[in-house]
Amino acid sequence: MTAEIISGTEIRKTILAEIKADVEEMKAKHGKVPGLVTMLVGKDPASVSYVTLKVKTALSLGFHEIQDDHPEDIPESDLLALIHKYNNDPDIHGILVQLPLPGHIDEQKVINAINPDKDVDVFHPINVGRLMIGGDDARFLPCTPAGIQEMIARSGTRTSGAEVVVVGRSNIVGKPIAMMMAQKGAYANATVTIVHTGTTDLSVHCKRADILIVAAGVPGLVKPEWIKPGATVIDVGTNRVGMNKTTGKAILKGDVDFDAAKEIAGKITPVPGGVGPMTIAMLMKNTLKAAQYALEDIR
Ligand code: NAP
């Protein structure tokens with residue numbers, strides 16, 4: 001039987017519509033809207049295109065949006081001073097510094113300078129710690145893992161008691177999603193295994209996964225025969241494997257052989273159109289939450 005496709009493009013539409021309705025309500029009740037500053041240093045084409053999309057999405061939701069671009073050679077101290085300014089600006093609820101930064105800037109120092117309550121990318125060590133504690137302490141969830149959890153939840157996949165196997169242990173995907181799925185609570189409460197390059201036999205673990213989350217960055221790493229029949233497969237891998245000569249756009253492939261896997265899995269995310277579109281939606285959700293928390297603090 002062919003798997004149900006979990007479309008990130010469709011789920012994103014629903015989430016953005018929900019956020020827009022909340023923004024309108026906030027504006028009507030409090031005369032305020034969420035404020036997001038997107039800071040871009042240099043002109044790296046991938047970063048420019050990510051920032052452009054973030055700005056466009058924020059504006060479409062009715063956010064107060066500041067696009068703050070700087071030349072490649074901006075001194076670190078100037079960038080830190082700007083972050084300090086935005087930390088103290090009551091109309092800015094989320095501060096996003098597009099990574100990577102040029103080599104002369106210490107990225108961790110920049111992340112640490114952001115007020116954790118405005119850290120909508122959720123990279124600040126305080127927010128990483130809050131995520132570990134879970135429950136109400138975790139104000140914001142990191143964007144890509146939050147997108148993964150939303151897809152699992154909105155596809156009706158049962159998580160409590162499920163065997164979740166996460167391939168990859170990066171700080172931005174593997175480790176946080178593993179922690180989120182292991183927490184006590186809704187859309188979690190799973191038994192989680194993390195596998196990586198030190199794992200002796202990936203296939204043994206993947207084969208028992210009710211929910212298989214793959215974030216390795218290796219095209220076709222997970223073989224179809226490693227997938228448990230009926231499992232939910234979330235493919236985070238976004239690998240550029242070539243260029244479409246007609247459109248000039250990159251050809252993207254996941255870490256799972258989608259065509260073969262969809263004949264075995266119960267539910268599966270495609271690449272592109274799966275996890276990718278969810279990340280920006282979750283960034284917007286965090287900015288809305290930051291604004292809601294700020295309003296609560298004022299009242
Ligand atoms: P990363 O920092 O390179 O981490 C990759 C992880 O996968 C590492 O923990 C690595 O293990 C593990 N791994 C790599 N090859 C493996 C293998 N052959 N067997 C077992 N484990 C292996 O990557 P990332 O930032 O997490 O990103 C992973 C993928 O997700 C990439 O394709 C990236 O483009 C994509 N991604 C997509 C989104 C999105 O859609 N919004 C966001 C973020 C990332 P070790 O730790 O042992 O080296």
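Indexing begins at 1, ligand by ligand and atom by atom, following the structure's order.
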Peer 1: How close do Tyr187 and Met181 get, heavy atom to heavy atom, and via which atoms?
Peer 2: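 That closest heavy-atom pairing would be O-CE, 3.6 Å.
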Peer 1: Please determine whether side-chain hydrogen bond (donor to acceptor under 3.5 Å, both in side chains) holds for the pair Lys54 and Gln67, giving the CA-CA distance in whole Å, both sets of side-chain angles, and the decisive distance to 0.1 Å.
Peer 2: CA-CA 10 Å; Lys54 287 169 187 172; Gln67 183 173 359; over 6 Å; no
Peer 1: Does atom 2 (O) of ligand 1 have a protein non-hydrogen atom under 4.0 Å from it?
Peer 2: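 Given the 4.0 Å limit, the answer for atom 2 (O) of ligand 1 is yes, a protein heavy atom qualifies.
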Peer 1: Run the numbers for me: atoms of ligand 1, each under 4.0 Å from some heavy atom of Val236, listed by number.
Peer 2: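 Matching atoms, with element in brackets: 30 (O), 35 (C), 36 (N), 37 (C).
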Peer 1: Which of the numbered atoms in ligand 1 are under 4.0 angstrom from any heavy atom belonging to Thr144?
Peer 2: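 With Thr144 as reference, the close atoms of ligand 1 come out as 41 (N), 42 (C).
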Peer 1: Test of understanding: given a 4.0 Å heavy-atom threshold, classify the contact between Thr238 and ligand 1 as side chain, backbone, both, or neither.
Peer 2: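 The answer is both, backbone and side chain.
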Peer 1: List the closest protein heavy-atom neighbour of atom 12 (C) of ligand 1: residue, atom name, distance to the nearest 0.1 Å.
Peer 2: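 Among all protein heavy atoms, the one nearest atom 12 (C) of ligand 1 is Gly168 CA, 3.9 Å.
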Peer 1: In terms of atom number and element, which parts of ligand 1 are under 4.0 angstrom from non-hydrogen atoms of Thr279?
Peer 2: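 Near Thr279, meaning under 4.0 Å from one of its heavy atoms, ligand 1 has 39 (C), 41 (N).
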Peer 1: What protein heavy atom lies closest to atom 24 (P) of ligand 1? Include the residue and the distance to one decimal.
Peer 2: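 Answer for atom 24 (P) of ligand 1: Ser170 OG, 3.7 Å.
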Peer 1: Nearest to atom 29 (C) of ligand 1, what protein heavy atom do you find, and at what distance?
Peer 2: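 Result: Gly217 N, 3.7 Å.
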Peer 1: Could you list the atoms of ligand 1 found under 4.0 angstrom from a heavy atom of Ile172?
Peer 2: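 By the 4.0 Å cutoff, the relevant atoms are 25 (O), 43 (C).
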Peer 1: Which residue owns the protein heavy atom closest to atom 40 (O) of ligand 1, what's the atom, and how far is it?
Peer 2: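 Here the nearest protein heavy atom works out to Gly276 CA, 3.3 Å.
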Peer 1: With a 6.0 Å cut-off (strictly less than), is the heavy-atom count around CZ of Arg240, excluding the residue itself, greater than 12?
Peer 2: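 No, not enclosed.
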Peer 1: For atom 44 (C) of ligand 1, what is the nearest protein heavy atom, given as residue, atom name and distance?
Peer 2: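 Looking at atom 44 (C) of ligand 1, the protein heavy atom closest to it is Val173 CG2, 3.9 Å.
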Peer 1: Heavy-atom pairs closer than 4.0 Å: do any link ligand 1 to the side chain of Asn239, the backbone, both, or neither?
Peer 2: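 The answer is the side chain of Asn239.
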Peer 1: Please work out, at 4.0 Å between heavy atoms, whether the side chain, the backbone, both, or neither of Leu221 comes within that distance of ligand 1.
Peer 2: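 Near ligand 1, Leu221 shows its side chain, while the N, CA, C and O stay back.
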Peer 1: Under the criterion salt bridge (Lys or Arg N to Asp or Glu O under 4.0 Å), which of Glu18, Glu10, Glu4 is the partner of Arg154?
Peer 2: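 With Arg154 as partner, salt bridge (Lys or Arg N to Asp or Glu O under 4.0 Å) holds for just one option, Glu18.
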Peer 1: Does only the side chain of Leu202 get under 4.0 Å from ligand 1, or the backbone, or both, or neither? Count heavy atoms.
Peer 2: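 Leu202 to ligand 1: side-chain contact only, backbone stays beyond 4.0 Å.
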Peer 1: Going by heavy atoms in the side chains, are Met26 and Val33 under 4.5 Å from each other?
Peer 2: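 Answer no - side chains too far apart.
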Peer 1: Could you give me the CA-CA distance, side-chain angles and deciding distance for Ile83 and Met39, then say whether side chain to side chain contact (heavy atoms under 4.5 Å, CB included) is met?
Peer 2: CA-CA 9 Å; Ile83 290 172; Met39 304 180 76; 4.1 Å; yes
Peer 1: Does even one non-hydrogen atom of Gly174 get within less than 4.0 Å of ligand 1?
Peer 2: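 Distance cut 4.0 Å: Gly174 fails for ligand 1.
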Peer 1: Could you tell me whether the side chain of Glu24 reaches within less than 4.5 Å of the side chain of Lys27, counting heavy atoms only?
Peer 2: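 No. Closest side-chain heavy atoms not under 4.5 Å.
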Peer 1: Looking only at heavy atoms, what is the nearest atom pair of Ala290 and Asp117, with distance?
Peer 2: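 In terms of heavy atoms, the two residues are closest at CB-O, 3.8 Å.
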Peer 1: State, yes or no, whether a side-chain contact exists between Met179 and Met132 at a heavy-atom distance under 4.5 Å.
Peer 2: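 Met179 vs Met132: side chains touch.
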Peer 1: Can you tell me the protein heavy atom closest to atom 15 (N) of ligand 1 and the distance?
Peer 2: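 Closest protein heavy atom to atom 15 (N) of ligand 1: Val218 CG2, 3.4 Å.
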Peer 1: Checking a contact table here: which protein heavy atom is nearest atom 14 (C) of ligand 1, and how many Å away?
Peer 2: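 Heavy-atom neighbour on the protein nearest atom 14 (C) of ligand 1: Ala216 O, 3.6 Å.
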Peer 1: What closest approach, in Å, do Asn112 and His124 show between heavy atoms, and which atom pair accounts for it?
Peer 2: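 In terms of heavy atoms, the two residues are closest at O-NE2, 3.2 Å.
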Peer 1: Are the charged groups of Lys228 and Asp210 less than 4.0 angstrom apart, N to O?
Peer 2: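 Salt bridge: yes.
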Peer 1: Out of Lys175, His196, Arg169, who gets a non-hydrogen atom closest to atom 21 (N) of ligand 1?
Peer 2: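 Closest candidate by heavy-atom distance is His196.
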Peer 1: Counting only heavy atoms from other residues, nucleotides and ligands, does the tally under 6.0 Å from NE2 of His84 exceed 12?
Peer 2: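 Atom NE2 in His84 is not packed in, count stays at 12 or less.
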Peer 1: Quick test: of every protein heavy atom, which one is nearest to atom 22 (C) of ligand 1, and how far off is it to 0.1 Å?
Peer 2: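 Nearest protein contact, heavy atoms only, for atom 22 (C) of ligand 1 is Thr197 CG2, 3.6 Å.
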